[in-house]
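These notes concern the structure reproduced below.
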Amino acid sequence: MTDLAPTATDRQSPIRREVVSFVRRSNRMRAGQRRAWEQHRDAFVLDVPRLDTSTSVHPDCNLDLDGEFGRQAPLIVEIGPGTGESLVPMARARPECNVLAFEVYQPAIARLVGSLVSNEVNNVRVVAADAVAGLTHLLPERALDELWTFFPDPWPKARHHKRRLIQPAFAELVASRLKYRARWRLATDSTSYAESIQGILDDQPGLVAEHDLDGAQRWECRPLTRFEQRGVMAGQPVFDLTYRRVS
């Protein structure tokens, strides 16, 4: 895929996010991560044209997902899988699905790729990009059979709430990308974020909650990660929310 150089018009485009939900971290890799990246990235990591940042996506990008996966299959997207501690076993349990992950941290992607190889999981592809840009420019309307958003950064301080991923505009974007009756599954260990998510998604036309916070049960198909286990042991509540796309 040929990179498209950013123009002055691109840099001023109103679709570019001024506030993102992540903070850039070091891309320095350990030796094992570097080996996994160099040996296997071409099999799992999709190159996309950028605007003026390494996590942006050019609006003119034309990504053939069926071609990249080598088949047509139900599409699941995960936002922010990190090193893939839950993504890898969940993708392995769904060989009939294509799984597309958006992750911005290169060392995490390298570990994810290494885990995919060691577990012989071949139905995952990764895009190193901001998920908002990815959903906007890489996926057409009614493309997703399921979306996973597990433990997005809660940005607990009130002055940082504008950085939270789940905002009304993002909910509208997701609703446009979900197929009829497709599900958006979310999890958070922040009570205030869970309440905020519920309020935003309840107000989004086209999305209907399958349960409220009081009736939220942990999704049994989502593996318990070390991160979540530490929170549970510390008495931190975990909220699983599920919303369904309706016409």
Side-chain angles (χ1 to χ4, degrees), residues 1-4 15 36-37 39-51 54-84 86-104 106 108-110 112-150 170-186 206-207 221-222 242-247:
M1 185 176 296
T2 302
D3 287 344
L4 300 175
I15 59 177
W37 180 262
Q39 294 175 12
H40 303 293
R41 73 171 300 277
D42 290 344
F44 295 99
V45 181
L46 306 184
D47 289 325
V48 298
R50 311 290 182 174
L51 281 173
S54 62
T55 59
S56 63
V57 177
H58 198 284
D60 293 337
C61 180
N62 184 16
L63 183 64
D64 177 12
L65 278 180
D66 291 343
E68 297 290 355
F69 281 99
R71 64 176 183 174
Q72 287 187 326
L75 179 62
I76 299 172
V77 167
E78 178 163 9
I79 296 173
T83 60
S86 64
L87 172 61
V88 173
M90 292 176 73
R92 187 177 187 180
R94 296 163 177 79
E96 75 283 359
C97 295
N98 294 337
V99 182
L100 180 66
F102 291 106
E103 175 57 60
V104 296
Q106 194 176 82
I109 296 173
L112 167 58
V113 167
S115 182
L116 291 170
V117 172
S118 62
N119 286 278
E120 300 182 338
V121 177
N122 299 310
N123 61 329
V124 175
R125 299 294 182 269
V126 186
V127 176
D130 175 10
V132 176
L135 290 181
T136 301
H137 302 307
L138 300 180
L139 299 174
E141 293 187 357
R142 308 293 176 261
L144 301 187
D145 292 271
E146 193 153 295
L147 176 66
W148 300 337
T149 312
F150 302 139
F170 184 66
E172 182 178 2
L173 172 62
V174 168
S176 74
R177 295 316 190 247
L178 292 173
K179 294 179 180 178
Y180 173 60
R181 300 193 65 80
R183 287 180 171 85
W184 185 4
R185 299 187 184 276
L186 310 98
L207 295 178
C221 294
R222 183 173 59 76
T242 305
Y243 281 77
R244 188 177 69 255
R245 180 71 168 94
V246 296
S247 60

What's the shortest heavy-atom distance between [X] and [Y], and which atoms?
| X | Y | value |
| --- | --- | --- |
| Val246 | Leu207 | CG2-N, 4.3 Å |
| Ala91 | Val99 | CB-CG2, 4.0 Å |
| Leu135 | Arg177 | O-NE, 3.0 Å |
| Pro81 | Ala101 | CG-CB, 3.7 Å |
| Ala182 | Asp145 | CB-O, 3.4 Å |
| Leu112 | Gly82 | CB-O, 4.0 Å |

Check your understanding: Would Arg71 and Asn98 count as a side chain to side chain donor-acceptor pair (under 3.5 Å) if you check the C-alpha gap in whole Å, the side-chain angles of each, and the deciding distance to 0.1 Å?
Key -> CA-CA 9 Å; Arg71 64 176 183 174; Asn98 294 337; 2.7 Å; yes
Donor-acceptor pair, side chain of [X] and main chain of [Y], under 3.5 angstrom:
| X | Y | answer |
| --- | --- | --- |
| Arg185 | Thr242 | no |
| Asp130 | Thr55 | no |
| Asn123 | Arg94 | yes |
| Arg142 | Ser176 | yes |
| Glu146 | Arg183 | no |

Any chance you could measure [X], atom [atom1], to [Y], atom [atom2], to the nearest 0.5 Å?
| X | Y | atom1 | atom2 | value |
| --- | --- | --- | --- | --- |
| Leu46 | Arg41 | CG | CZ | 9.5 Å |
| Ile79 | Phe170 | CD1 | CZ | 3.5 Å |
| Lys179 | Leu75 | NZ | CG | 7.5 Å |
| Glu103 | Glu78 | CD | CD | 9.0 Å |
| Gln106 | Trp37 | CD | CH2 | 4.0 Å |
| Asn62 | Asp64 | CG | CG | 7.5 Å |

Check your understanding: Would you say Pro59 and Leu51 make side-chain contact, with heavy atoms under 4.5 Å?
Key -> yes
Check your understanding: Is any side-chain heavy atom of Leu144 less than 4.5 Å from a side-chain heavy atom of Leu100?
Key ->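 No, their side chains stay 4.5 Å or more apart.
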**Study point:** Met90/Trp148 under side-chain contact (heavy atoms from CB on, under 4.5 Å): CA gap, chis, key distance, verdict
**Key:** CA-CA 11 Å; Met90 292 176 73; Trp148 300 337; 3.7 Å; yes
Check your understanding: Hey, mind stepping through Thr136 and Leu173 against side-chain contact (heavy atoms from CB on, under 4.5 Å) and telling me if it holds?
Key -> CA-CA 7 Å; Thr136 301; Leu173 172 62; 3.5 Å; yes
Exercise for review: Dump the intermediate steps for side-chain contact (heavy atoms from CB on, under 4.5 Å) on Tyr243 and Val174, then the final yes or no.
Suggested key: CA-CA 11 Å; Tyr243 281 77; Val174 168; over 6 Å; no
Check your understanding: Taking atom CD of Glu96 as the centre, does the number of heavy atoms from other residues, nucleotides or ligands within less than 6.0 Å exceed 12?
Key ->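 Correct, the count exceeds 12.
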Practice item. Test Trp184 against Arg245 for side-chain contact (heavy atoms from CB on, under 4.5 Å), laying out the working first. Key: CA-CA 8 Å; Trp184 185 4; Arg245 180 71 168 94; over 6 Å; no
